Amino acid sequence: MKLAPSILAADFARLGEQVAEAERAGADRIHVDVMDGHFVPNISMGPVIVQSLRPVTRLPLETHLMISDPDAYLEAFVEAGSDALLVHWEGNNNLHRTVQRVKALGKRVGVVINPATPAAALEEILPDVDQVLVMTVNPGFGHQHFLETTLPKIRRVREMVDRIKPGCDVEVDGGIDTTTAPLAASAGANVLVAGSSVFGDRDGVTAAMNRLRAAVEKVVN
Ligand code: DX5
Ligand code: ZN
C-alpha cells in the first residue's frame, strides 16, 4: 500500500517542512492538487509550487490537474519538476492525445474519473496509463466525506486493471482516513491520497501516517 499525502491540506507557510516530514514518515509520493476555478469551483496552486518543492524532496511529485485545458500546462508542470501528471477523463475530448503527450514528455501518466463516471470509461485508455485515480469525493475541495457508493467501482477498476494492465496503480482520492482507507484498500486500491487526515491531524504528520498505515495493514495482510 502506497501513501500519497495531498498538500492541499498542508500549512502553506510551512510547506517545505511539512513535505519533508511526510517524506521522513515514509510517504511514497506527494500529491499536488491543481485547480483553476473553472473545471472545479476552487483555485489552488500552479507550477510555481511544484518548482519550490522540487529541491525539498526526493519523492515523486504527482500533479492532479483539475483544470479545463490540461494540454496547455503539461510542459510547464514538467519543467517545474512534476514526475507524474494525472488528467481527468471528464471534459477531455482528446484524452488519448493528452495521455500520449505526457508520455512523450517522459513522465508517468494517470487518468482520473469523477464519482459519476463509470469504471468502463477507463477500459480503452488503460493500456496506455501507469495509474488510474478514482475520485471518492467530487473534486474541488479537501475535507469532504468519502462517498461509499464508489466502492463497487473501485472493485470494478481493480478487476479491469488486473485483466488489462497488471502493475497499473489503482489510486483513490478524497475523504481517506483511518475508517475509509481500509474500505478502499479491500476494494482493491493500492495507492491512497490523503490530505486532511495527514496534514490536519493534531498529533502531526508522522503519527497520522502511521495510523493510516496501521488501519490498512489489517485488511491488506
Ligand atoms: C480533491 C482533491 C484531493 C484532496 C483530498 O479535489 O483532489 O486530493 O486534497 O483531500 P482530503 O483527503 O482532505 O479529502
Ligand atoms: Zn487530488
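Keep in mind that this is a model prediction, so the values were computed, not measured. Each ligand, and each atom within it, is numbered from 1 in the order the structure gives.
Salt bridge Glu21/Arg14: absent, no basic N to carboxylate O contact under 4.0 Å.
Gln131 and Glu62 are linked by a side-chain donor-acceptor pair at a separation below 3.5 angstrom, with hydrogens and angles left out of the test.
Contacts with ligand 1 closer than 4.0 Å are made by side-chain heavy atoms of Ser6 only, the backbone lying farther away.
Hydrophobic clustering of Ile, Leu, Val, Met, Phe, Trp and Tyr side chains at less than 4.5 Å, counting indirect connections, keeps Val132 apart from Leu86.
Under the 4.0 angstrom criterion for non-hydrogen atoms, Gly175 is in contact with ligand 1. Within the 4.0 Å heavy-atom shell around ligand 1 one does not find Ser197.
Inclusion of Ala194 in the set of residues having an N or O under 3.5 Å from an N or O of ligand 1 is not warranted. Some N or O of Gly140 is nearer than 3.5 Å to an N or O of ligand 1, by distance alone.
For residues 104-122, the pairs satisfying salt bridge (charged side-chain N to carboxylate O under 4.0 Å, His left out) are Arg108-Asp169, with sequence neighbours left out.
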Scan the side chains in residues 3-10 for donor-acceptor partners under 3.5 Å anywhere in the protein, sequence neighbours excluded, and list what turns up.
unit_1, atom_1, unit_2, atom_2, d
Ser6, OG, Leu8, N, 3.3
Ser6, OG, Asp33, OD2, 2.7

Using a 3.5 Å cut-off and no angle test, enumerate the donor-acceptor pairs between side-chain atoms of residues 137-152 and protein atoms at least two apart in sequence or in another chain.
unit_1, atom_1, unit_2, atom_2, d
Gln144, NE2, Asn138, O, 2.8
Gln144, NE2, Phe141, O, 2.9
Thr150, OG1, Leu147, O, 2.6

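Shown are the protein N/O/S atoms under 2.8 Å from the Zn ion (ligand 2), given by residue and atom: His31 NE2, Asp33 OD1, His64 ND1, Asp173 OD2.
No side-chain heavy atom of Val109 sits less than 4.5 Å from a side-chain heavy atom of Leu85.
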